[in-house]
There are 2 protein chains.
Amino acid sequence: MITVALADDHKIFCDSLVALINDLDDFEVIWTVHDGAEAIEKLSVDENLPQILLLDINMPVKDGLEVARWMDENKKPVNVLVLTMEEDDTNIIRMLQYGVKGYLLKSVSADELFHALHSVAKYGFYYTPEITRQIGKQIGRKAKDQIPELKEREKELLQHLCSDMSYSEIAQKMFLSESTVDTYRASLFEKFNVRNRIGLLLKANSLGLVKL
Amino acid sequence: MITVALADDHKIFCDSLVALINDLDDFEVIWTVHDGAEAIEKLSVDENLPQILLLDINMPVKDGLEVARWMDENKKPVNVLVLTMEEDDTNIIRMLQYGVKGYLLKSVSADELFHALHSVAKYGFYYTPEITRQIGKQIGRKAKDQIPELKEREKELLQHLCSDMSYSEIAQKMFLSESTVDTYRASLFEKFNVRNRIGLLLKANSLGLVKL
DNA sequence: AAATCCATCAGGAAAAACCCTGATTATTTT
DNA sequence: AAAATAATCAGGGTTTTTCCTGATGGATTT
């Protein structure tokens with residue numbers, strides 16, 4: 001019997017998926033949660049660890065990305081199968097970096113889900129040709145206009161720059177002098193090859209580094 | 001036995017919902033479709049008419065709105081229950097105009113769906129206080145935090161402001177003096193109640209006036 | 001130990017953004 | 001005809017952003 005857990009804020013979807021999966025002989029849903037924070041809470045307790053976690057990306061409080069990252073950082077021995085409607089690109093790559101074992105869109109059929117579950121249970125992963133092709137396409141695109149390497153502090157600043165705060169407000173919030181903020185700002189402009197703050201915001205957004 | 005049909009492009013969701021509903025004694029899913037055009041096709045044949053149609057809004061080819069309108073226009077004796085993740089917009093209002101019998105978000109539980117199904121079967125409608133309150137709130141919000149009325153030229157400028165162009169570049173592109181651009185800019189800031197260009201960009205984006 | 005990174009800061013100066021108080025002309029409303 | 005509105009522009013002033021050339025102390029690498 002393979003244990004499965006679900007994290008999805010669409011409760012009906014969760015509930016009905018439970019019914020669907022529990023109908024299978026080999027699988028059993030041991031718990032469901034409706035946001036990322038709950039998920040991490042559950043997963044913190046070893047007794048709760050499922051063999052497979054079906055994870056949605058769009059969730060309140062903490063999203064699926066954060067859950068996946070947390071799992072990766074804490075080396076939880078759980079096979080994460082992402083199940084989302086974000087066909088959106090940037091997420092896929094980050095998910096892969098966090099070592100998820102499969103990526104399904106909600107537009108797939110129940111049959112394909114079963115396939116995926118069995119595959120993950122047996123081989124530890126599930127990537128269809130279509131998905132991998134799509135991934136490849138996107139990685140290719142990414143390779144060209146790469147995401148530059150950012151220092152921690154720069155990442156923080158980047159988030160703040162994508163708000164309507166002035167630099168002095170940001171400096172306060174980050175407990176830095178305006179000079180330092182300016183230094184990081186210049187560095188970000190250069191790394192992203194933009195000429196002003198709006199350009200930076202737009203690029204960061206298109207690369208999926210900020211959510212507007 | 002009450003007949004139910006489903007229209008939702010998320011196949012797993014559909015499939016699992018079928019499992020869930022067929023588990024009930026009183027309900028039976030007679031067909032499912034994955035886009036609006038298929039739905040209309042099915043519904044054109046009287047033999048296929050279900051008593052309740054669970055309808056998603058976001059679908060390819062034709063969306064749920066169009067299906068609802070078509071049903072309304074052709075006076076099909078089907079109780080439409082909208083089941084969607086669009087918590088926002090104008091959609092709710094339009095759906096009401098098309099006479100749908102209930103409006104559920106996918107964040108509700110399976111239990112609430114059962115309630116809704118029973119209620120629609122028995123009383124012909126299902127609107128919980130929460131839903132109606134939410135609807136009211138959203139209509140109210142739309143009224144208050146309305147999208148301000150913009151002159152044509154202001155709309156154009158708004159688009160340009162959401163790029164990395166400087167004002168002088170925008171002035172050139174719009175064949176205006178910088179003064180005029182500045183006047184419109186001030187007007188936009190006031191109408192949207194923002195204090196700088198980034199704030200404007202963010203607000204315009206959140207109101208769906210620009211696509212970043 | 002020297003060189004290289006990293007995170008932090010200073011000061012100055014040019015450019016751009018932001019704010020304000022006006023004005024002209026043409027059109028539309030009253 | 002007078003008033004209101006729309007679309008356009010000028011000028012000048014303040015603040016913020018952007019760009020530049022530096023510097024210091026700590027950590028890491030060589």
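Each chain gets a letter, A, B and so on, in the order the sequences are listed, and its residues count up from 1.
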Using a cut-off of strictly less than 4.0 Å, decide whether A:Thr180 has a side-chain nitrogen or oxygen near OP1 or OP2 of C:dA7.
no
Should A:Arg185 be listed as having a side-chain N or O under 4.0 Å from OP1 or OP2 of D:dC19?
yes
For atom CG of A:Asn48, is the number of surrounding heavy atoms from other residues, nucleotides or ligands below 6.0 Å larger than 12?
yes
OP1, OP2 of D:dT15 versus side-chain N and O of A:Tyr167: anything below 4.0 Å?
no
In whole Å, what is the span from the CD atom of A:Glu178 to the C1' atom of C:dA7?
18 Å
Where the side chain of B:Ser166 is concerned, which of D:dT16, C:dA17, C:dA10 is the nearest nucleotide?
C:dA17
Do B:Thr183 and B:Thr180 have a side chain donor and acceptor closer than 3.5 Å?
no
Whole angstroms only, please: what is the CD-P distance between A:Gln172 and C:dC9?
13 Å
Testing D:dT8, C:dA17, C:dC9 for proximity to the side chain of B:Thr183, the answer is D:dT8
Rounded distance (nearest 0.5 Å) linking atom CG of A:Asp164 with atom CZ of B:Arg197
14.5 Å
Nucleotide C:dC5, atom P - distance to CD of A:Glu154 in whole Å:
15 Å
Pairwise 5' ranking along DNA chain D for A:Val194 and B:Leu176, keeping only the more 5' one
B:Leu176
Between the base of C:dC18 and the side chain of B:Asp182, is there a donor-acceptor distance below 3.5 Å?
no
Could you tell me whether the side chain of B:Asn196 has a donor or acceptor atom within less than 3.5 Å of a complementary atom in the base of C:dC18?
no
Please report the distance, rounded to the nearest Å, between CG in A:Asp164 and C1' in D:dT17.
15 Å
Under 4.0 angstrom between B:Ser177 side-chain N/O and D:dC9 OP1 or OP2
yes
Nearest whole Å is fine: how far is C:dC19 P from B:Arg195 CZ?
10 Å
Which value, in whole Å, describes the distance between the P atoms of nucleotides D:dC19 and C:dC18?
15 Å
Heavy-atom count check: over 12 atoms from other residues, nucleotides or ligands less than 6.0 Å from A:Glu169 CD?
yes
Examine D:dT8: is either OP1 or OP2 under 4.0 Å from a nitrogen or oxygen in the side chain of B:Tyr184? Give yes or no.
yes
Between C:dT8 (P) and A:Glu152 (CD): distance, integer Å:
11 Å
Which whole-number value in Å describes the distance from A:Leu201 CG to D:dT18 P?
11 Å
Rounded to the nearest angstrom, tell me the gap between atom CD in B:Glu169 and atom C1' in C:dA16.
11 Å
Counting side-chain heavy atoms from CB outward, which of C:dA17, D:dC9, C:dT8 is closest to A:Arg153?
C:dT8
Aromatic ring proximity B:His10/A:Phe13, centre distance under 6.0 Å
no
